[in-house]
Each structure stands twice: as C-alpha cells, then as structure tokens.
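A short worksheet on the structure shown next.
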Amino acid sequence: MLSISYDSTFDGFLSVIFEIYRQHLDAGEIRPDRSTAPCNLFMQPFRVETSEESAQRLKRAIVNQASAEILDLLRVVLCSEEDGVEMKILAYLRKVFDGNDPHYAKNPTSDEMLPLYMIARAVRREEGGMLGMLRFDRTADGTYFAEIEPKYNILGMMVPHFRGRFANERWAIYDSKRGFGVYYNGQDPSQGPVEITIPDLQQVKAAAPKDDFVKLWQDYYQSIAIKERENPRLLRSCLPVRYWKHLPERQIAPSWS
Amino acid sequence: MACMDVREKLNILSAAAKYDVSCSSSGSGRQAPKGGLGSACSAGICHTWSSDGRCISLLKVLMSNACKYDCAYCINRRSNDIPRATFTPKELINLTLEFYRRNYIEGLFLSSAVVGSPDRTMEMLVQVARELRTVHKFGGYIHLKAIPGASRELLYQAGLYADRSSVNIEIPTDRALQYLAPEKNHASILAPMNFLAERKLEYHGECSRYTPKFLPAGQSTQMIVGAAGETDLQILTLSNGFYKQQQMKRVYFSGYVPLNADKRLPALTTKPPLAREHRLYQADWLMRFYKFGYDEVVDPAHPNLDLELDPKAAWALRHPEFFPIDIQTADYEMLLRVPGIGVKSAQLIASGRRFSKIRLEQLKKMGVVLKRAQYFIYHPDTPASLRRLYPEMVRPLLLPKPKSLQLDLFADQPLALPVAS
C-alpha cells in the first residue's frame, strides 16, 4: 500500500491517477501537500510530480468516457479540500474506466457519484454566495482589496466573474486562510489576473485610509431593515456567522437591540 | 433642507423604501460594456441579508419621499409629519457607483414618491438610469419603478435603460384600494403594466443580436397582505392573472406592518401577518416551480391557506387518491408534488432511476426530507397493506412539534401545567 503525495493542484491530482494506472500502483491514500494529517505509518510514501502531459491525456479520457461536465465537476469536488476526497474520485474513475457498464457515467445517483455530486453542490453554493459576500476596501493607491476566508478553495472559481465585472479597476482578492490571492491590473486587459502572496497582511490592512462609503453602507444596512419583522434565526441561516468577520455591515449591532 | 448631507438623505430615503419587498437582481445576464463598469448575472446575486432576514442585493432608495398622495397604508403619505428629502441625480449616481465598486450591491432599485406630477417624477427616475447607462457605462442591474400616470414616452425610455420595472398593485381588490388610496385605482395601475408588457412582446418578436434589449428582466409587482380583509384565493387568483396576462416575473407579498393610525386600517398594535405571508410565498413557489395551478393550492371550499401546514403537504392530504406513489415509475410532475421532495431531488431521481432502483438511503443522501416524504412514497420493501395514505393519521405527524414547556421554578404565579387531553 502506498501513500501517494502530490502538489495539491488539479493537474497534480490527475497525474497521480495517471501514474496509478500506468504503473499499477496500489494506492492506500492520496495526500495533497497541504495536508497536515499525520502520516500513515503502515503505508510507504510515494511521490508523483505533476506532469501536464499526463494530466491532459487523462482529461481527454474523462471527456471521452464521461463528459466535459463530469471533468468540471471533479475539478470542483477537488476544490472542497475534504479529507479523502481524492480516493472517492479514484473509486469513481475506476468504475468509469473499467467499462463494465457503458451507461455508468451518465448515472448521477450511483454509489460513487452521488457523494461527489453533493460535495460539488456545496462548493458551488459557497462560491455563488461569496460572489456577493466579498467586500472590497479602497486602499491608498486606489486598488480595491478584499480578504476572504472561505471553507472551500473557491478563489480560482471566482476570478472570471470579477474580471468581467471590474475589467477597468485594479483589484486584489486574498484568501488569508490559504495564504494566497490574485491581483488584477485593470490598465492592461491583455494581462490576466496574477497570483500573489502577502507576507504581512496586517500591515496592508492598517495602511488602508478611512473610507466614508463604508460608513454610508453601514447606515444603509441599518435603515433598510424592518424592526417589526426582525428574525435573527432567518438571518443566521441565510448569512452564516462565519462570514460576518469580513462584512462591514455586520460589525455594528442593530440599533434596536 | 438645502444643506442636508448625503448621509442624512440616504438614511431617510432608504428607510422610506424598505416596505418595498422586491430586491431581486435576477433575470438579466449582461457582460460589462466595453470600457465600462459592472455586469449582470442572470441567476441574481444576494450581497447580504438584513436583520429581518431579507436579502439585500440592490441599493433600494426613493428619489424623493415628498409625496403628493395620501394613501392610508403608506408611510410617506402627505398627511404624515416625517422628515422629507430628495436626492439629486448626481448624489445618487455617485452613491450607486461607489457602492458597486466595493461589491456591496448588484445595482440600483430606484423608486419615488410622486412629486409634482407623475411625469416629472418619472423623468427624474429615467434621468438617473440614462446617465448611469450612457455617461458612466454602468452595466449593473437597474430596477425602476413605473409611476402610474406617467407618459408612454417616459415609460418606454425607462424600459430601454432598466433591467426590470415594477408597479405595485398594493391592495388586491379595486374597491378596497379606492377606499384606502383615494387617488388610485386598479385601472390606473394596470395601464403602465400593460403598456410595458406589450412593448416587451413587440421587442421579443423582432429579436436579433442588434435589437436593444427592452426590460430584459421583465416586470414584477407587490401586494399588501392583511390590510383590507382579502382572502388568499383572491390574492392568488390575481397573481395568477399577472403571471399569465402581463407575463410578470414575480409577484411579491408584503405582510402589512401597521404604520399609520387610521380607522380604515388594522390597529397599530396588530402584529404583521408573517405566517400568512410565508404560506403565500410557498404557494407562489408551487405555482412557479412545481407546476401547481393556483386553483389547486386554494379553492372556493378552502379560500385561505392552512397556516399550520405548508400548501404542498396540505394539497397532498386533500388528495389521498394520488398517494403513495412509486418513485421508480411515477411521472416527474408527481415526484414534484411529494412533500419533502424538491426540484433538485426530483430531477436526480428522474435521471437516476433509469439506471438502477432508487433506495431509501440514496434518497436521504440526495437531501430528500424522508421524515415528510415517507408517507407519500413507497418502495419495493413496503408491504402492500401500507400502500395507502390516511390523511387523518398523517396530518398530526407532519405538524411541527409543540415547543416543550420549560417550568419556571421561581415564578410568583402558581404553575399552570398543560392539561392532558
């Protein structure tokens, strides 16, 4: 039994699957590098380096045997970063490739697919929500900066939306839970968003000037609520408390409570 | 008044707009204009939720609250002594763009009290939308109120710049409306609705890539519930008409919150009918997504919705002859009608059952609420004797459990224990 490690990217993961098939590896677990879980002492460590070529070949195979939607779904599922999700995807792909049931890949309710489908739904749900719940702060040089701490690794999925919407603005989104972000330079549309890391986030945040529009937004948030209809339970189910930290409008208590 | 700053105006004019329920930003997909700011997402995006649990996706404000009308149910009526304010177009446009850049909002919801004449009011609203679209190349969502009595030319222009437009019918019966709002009647409200609906149809007919879009997200309207003694049957009949004839995208319900002391209206101490409003929304959902007819949800024998039980379960219990159903073979439309099965689970069942039998544990994993659905479906293991639905037995099982009573040991009053019946 092998404990196979890879670089946490989707292409890296596909390279692992490719090598498992090519070398007939006996995979016991597949560990992304970011994993902090203790190593399994009874498994032999094994490293697979990312190869774009093998990833491409496997992608083509998945599109042929299943569909482009399935490939997309697997990418989303991997973004969930849930423990053991790699082995679940492997189990699914084995069934797709063994060819016993030609219609297997079309069945969304199979024992292997249904859990993946539900994970993808949760990840896409958070991504959709975060498109709205992300807040930009205007920094001194006019760049709009947002900090997020999502449960799933959704930053990459969110970038096209903001790139289209704020094509002429300079903006950066930083996932402080995972320690990386993207920066987009609105001046030159030919240049896409680039990945960045920020060594000292606190310093960046402290340097931001006071912004009157934050206050106006907080005021608006207070005055748009109807006191007679207050419903804290509904609020928390729509807007879970874990997101409040980065929402300026939730930083002040409602005036009537 | 002249020296009132933007912050004060924002507070007054957003508080004045809060009784408008609609805040949706859906129905219109658009990429950012070249060199411009902002796009529209056809599914709509919620940006936050206020402490009453309502989604906030647009900057919802009035242009002005200095109204010349005196409608009994409205906070902004002429006879109320409240601070009045009016935005200048520049202030409002600046606010919209700055909020938008910080990703606070999807766009602007602009309404207004009637100032001077309907035409003058509509002209102000159109001016803001026009400048946002043409001068600032704003691609975000714009919802404009159509002011009853405004000229066709202005309404037409509103349709060119806005994604959605709405006129609120407010009171479901014409007589009650004229009684509560002497300056209004149903005909004057339906006129702009019909005009916009017809214009949109014309545009749809000659649709090409180059045709400018006319109200891409359609129209919506709103009714106040519980102010004029109307039944749910009347409300749902009217909203069904709006969906069918005016091609409305949404009809909103607003449980009446007593604002004004007025002998024509419920007393100020009345609680807003939130439970009833919730049931109406559930019924509306059944009509829009679950293929129910409005006359199935309510009928002359049951003109009001059951407040204890959701309308889907209530319908199922009124029709035991259809249940339980076999999930392997039942029509998709029937799957949708099972309490505890939603649109997504119904789709999963329909596409999965072609390949293998659907088992109970799979249903659970799909998110089907078996606690409710179990009485309405059967599967191969169910004995034949249980393949019948007994409404009188199932109904108590579907009701929410009464909250357990916590005894207060230190109360001055003697304990009042519930008597077992």
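Computation of the quantities below employed the complete heavy-atom set of this structure, encompassing side-chain atoms and omitting hydrogens, waters and symmetry-equivalent molecules. Chain identifiers are assigned alphabetically (A, B, ...) following the order of the sequence lines, protein sequences preceding nucleic acid strands; residue numbering begins at 1 within each chain.
- Contacts of B:Glu277 with chain A are made by side-chain atoms alone, with heavy-atom separations under 4.5 Å and no backbone atom involved.
- Using a 4.5 Å cut-off between heavy atoms, A:Tyr243 makes no contact with chain B at all.
- Taking the six-membered ring where the residue is Trp, the centroids of B:Tyr141 and B:Tyr100 are separated by 6.0 Å or more.
- A donor-acceptor distance shorter than 3.5 angstrom exists from the side chain of B:Arg102 to the backbone of B:Glu98, with no hydrogens or angles considered.
- Below 30°, between 30° and 60°, or above 60°: for A:Trp171 and A:Phe136 the angle between ring planes is between 30° and 60°, a tilted geometry.
- Per-residue counts of heavy-atom pairs under 4.5 Å with chain B were compared for A:Leu216, A:Leu131, A:Val214, A:Leu234; the largest is that of A:Leu216.
- Annotation: maximal heavy-atom pairing with chain B below 4.5 Å, among A:Pro108, A:Gly128, A:Pro232, occurs at A:Pro108.
- When the candidates B:Ser57, B:Gly35, B:Gly139, B:Pro272 are compared by the number of heavy-atom contacts under 4.5 Å with chain A, B:Gly35 comes out ahead.
- The contact between A:Leu114 and chain B is made entirely by side chain atoms (from C-beta outward), counting heavy-atom distances below 4.5 Å.
- Looking at A:Lys177 and A:Glu147, no side-chain N of the basic residue comes within less than 4.0 Å of a carboxylate O on the acidic one, giving no salt bridge.
- Rounding to the nearest 0.5 Å places OG of B:Ser14 at 8.0 Å from CG of B:Leu59.
- The candidate with the highest count of non-hydrogen atom pairs below 4.5 Å against chain B, out of A:Arg236, A:Arg233, A:His161, A:Arg121, is A:Arg121.
- B:Arg359 and A:Asp111 are joined by a salt bridge, as a carboxylate oxygen and a charged side-chain nitrogen come within less than 4.0 angstrom of each other.
- Among the candidates B:Glu361, B:Lys344, B:Arg353, B:Lys34, the residue making the largest number of heavy-atom pairs closer than 4.5 Å to chain A is B:Lys344.
- Ring pair B:Tyr73/B:Tyr256: centre-to-centre distance not below 6.0 Å.
- Using a 4.5 Å cut-off between heavy atoms, B:Leu37 contacts chain A through both its backbone and its side chain.
- With a 4.5 angstrom heavy-atom cutoff, A:Tyr117 touches chain B only via side-chain atoms.
- Residue with the most contacts toward chain A among B:Ile12, B:Asn103, B:Leu348: B:Asn103 (heavy-atom pairs, distance under 4.5 Å).
- In this structure, the portion of A:Tyr144 lying under 4.5 Å from any heavy atom of chain B is its side chain and not its backbone.
- The structure places CZ of A:Arg170 at 7.0 Å from CG of A:Asn185, a figure rounded to the nearest 0.5 Å.
- For the options B:Thr48, B:Val257, B:Ile45, heavy-atom pairs under 4.5 Å to chain A are most numerous at B:Thr48.
- Of all the listed residues (A:Arg138, A:Met118, A:Met133), the one sharing the greatest number of non-hydrogen pairs under 4.5 Å with chain B is A:Met118.
- Among B:Leu10, B:Leu13, B:Ile105, B:Ile358, the residue with the largest count of heavy-atom pairs under 4.5 Å with chain A is B:Leu10.
- Test A:Asp212, A:Asp211, A:Asp219 against A:Lys215 for salt bridge (Lys or Arg N to Asp or Glu O under 4.0 Å) and you get one pass: A:Asp219.
- Both the backbone and the side chain of A:Glu228 come within less than 4.5 Å of a heavy atom in chain B.
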Please assess A:Arg178 against A:Glu81 for the test salt bridge (charged side-chain N to carboxylate O under 4.0 Å, His left out), listing each intermediate value before the final yes or no. CA-CA 11 Å; A:Arg178 293 174 182 78; A:Glu81 301 190 339; 3.0 Å; yes
